[in-house]
Amino acid sequence: MPWTRRHLLTIEELNLHEIEQIHTTATAFKKILGRSVKKVPALRGKTIVNLFLEPSTRTRMAFDMAAKRLSADVIAFDAASSSTTKGETLRDTAENIRALGADMIVIRHAAAGSPLYLSRLLDIPIINAGDGAHEHPTQGLLDTFTMIEHLGSLRGRKIVILGDILFSRVARSNIHALTKLGAAVTLVGPSTLVPEWFTALGVKVSHDLRSALADAEVVMLLRIQHERQSSGHFPSLGEYTSMFGLNKTRAGWLNPKAIIMHPGPINRGVEIDSELADGPRSVILEQVTNGIAVRMAVLYLCSGGQPEHVMPAE
Ligand code: CP
């Protein structure tokens, strides 16, 4: 079946075949990134605007590099010096960017649903780079891509997501991707941050770190999202760390071959100790690197490309 989507708004709306198409296309682009000439002409003549209205290091730079590797022209929107500071609305900002000739907008915004809103306003592809606590689809796609590189098929694999699930768009996108790929997902953390109603998404919920980590093949840490929490969900960071922080002793409960993941940014010494974040089981920087190939795949497919037309390196 050909790729038909123009926008990437959520993983929830993707089916298994579409997730696999993105992964297959990313695999081909990753081979191209390993060549001495890392660039292909797939999006030559197209202009992509990175409309980031929330801070970002990894996602913004990976989208920027992905677009450049595809030979697109890239414009980084500078929120701090833009007319949004004078009260210009998201709608007016986006319509002006379109009037200036953008062929695609990659948006990060604190408001859940803002990528969907733009997709209904504009006649160009809209890519969600994180909308509030809703979804971060390219993060979920690069995380599952990285897991598959290490484990092969995720069907039946025990994956633990540990931390602030309630406010995490990364958790939601990973839950949708992992359950579609057949993984056995357990969410762990304090009950205030990991409420029981998440089980409606086809995952287990646990507040017992030891039993949740037992034999897990992947543990993904999430940081505490202070910027989205309006009231205290635990007494103090120190108490959170003492109960749920991943340290060497607790990592010993995992499957001996388990990998340790984190979407970043890391709060060292809070959700994860440095010796684990920098240790041999950590694939945190591989996640970042894979973000380029996965985002190349998303930009390419949503611009009308087809997976089978990507030519891998000789
Ligand atoms: N993982 C992630 O979204 O990181 P940034 O906020 O730095 O983009």
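Hydrogens, waters and symmetry mates play no part in the numbers below; they use all other heavy atoms, side chains included. Atoms within a ligand are numbered from 1 in the order they appear, just like the ligands themselves.
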Peer 1: Determine whether M147 and L222 fall in the same hydrophobic cluster, where Ile, Leu, Val, Met, Phe, Trp and Tyr are linked whenever their side-chain heavy atoms lie under 4.5 Å apart.
Peer 2: yes

Peer 1: Who's the nearest protein heavy-atom neighbour of atom 2 (C) of ligand 1, and how far?
Peer 2: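 Scanning the protein heavy atoms, the shortest distance from atom 2 (C) of ligand 1 goes to T59 OG1, 3.5 Å.
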
Peer 1: Pull out every atom of ligand 1 sitting under 4.0 Å from any heavy atom of G264, numbered as shown with elements.
Peer 2: 1 (N), 2 (C), 4 (O)

Peer 1: Please check if atom NZ in K204 has more than 12 non-hydrogen atoms from other residues, nucleotides or ligands closer than 6.0 Å.
Peer 2: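 Count not over threshold, so no.
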
Peer 1: Quick check on K46: does its NZ atom have over 12 non-hydrogen neighbours (other residues, nucleotides or ligands) under 6.0 Å away?
Peer 2: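 Counting other residues, nucleotides and ligands, NZ of K46 stays at 12 neighbours or fewer.
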
Peer 1: With heavy-atom distances below 4.0 Å as the criterion, list the atoms of ligand 1 near Q139.
Peer 2: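 Under 4.0 Å from Q139, ligand 1 has these atoms: 1 (N), 2 (C).
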
Peer 1: Within the structure, does H136 bring an N/O atom to less than 3.5 angstrom of an N/O atom in ligand 1?
Peer 2: yes

Peer 1: How would you list all residue pairs meeting side-chain hydrogen bond (donor to acceptor under 3.5 Å, both in side chains) that involve residues 282-293, not counting sequence neighbours?
Peer 2: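 side-chain hydrogen bond (donor to acceptor under 3.5 Å, both in side chains) check on residues 282-293 returns K30-N290, D143-Q287, T146-N290, E149-N290, H150-E286.
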
Peer 1: Among all protein heavy atoms in this structure, tell me which lies nearest to atom 4 (O) of ligand 1, with the distance rounded to 0.1 Å.
Peer 2: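 Result: R58 NE, 3.0 Å.
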
Peer 1: Please determine if R108 forms a cation-pi arrangement with F52, meaning its NZ or CZ atom is less than 6.0 Å from the six-membered ring centre and no more than 45° off the ring axis.
Peer 2: no

Peer 1: Over 60° means perpendicular and under 30° means parallel, so classify the ring planes of Y300 and F29, tilted if in between.
Peer 2: perpendicular

Peer 1: So is R108 in contact with ligand 1, going by heavy-atom distances below 4.0 Å?
Peer 2: yes

Peer 1: Students should be able to answer this: which protein heavy-atom is nearest to atom 1 (N) of ligand 1, and at what distance?
Peer 2: P263 O, 2.8 Å

Peer 1: May I ask you to check if ligand 1 and P265 share an N or O to N or O distance below 3.5 Å?
Peer 2: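 No, since none of the N or O atoms of P265 sits under 3.5 Å from an N or O of ligand 1.
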
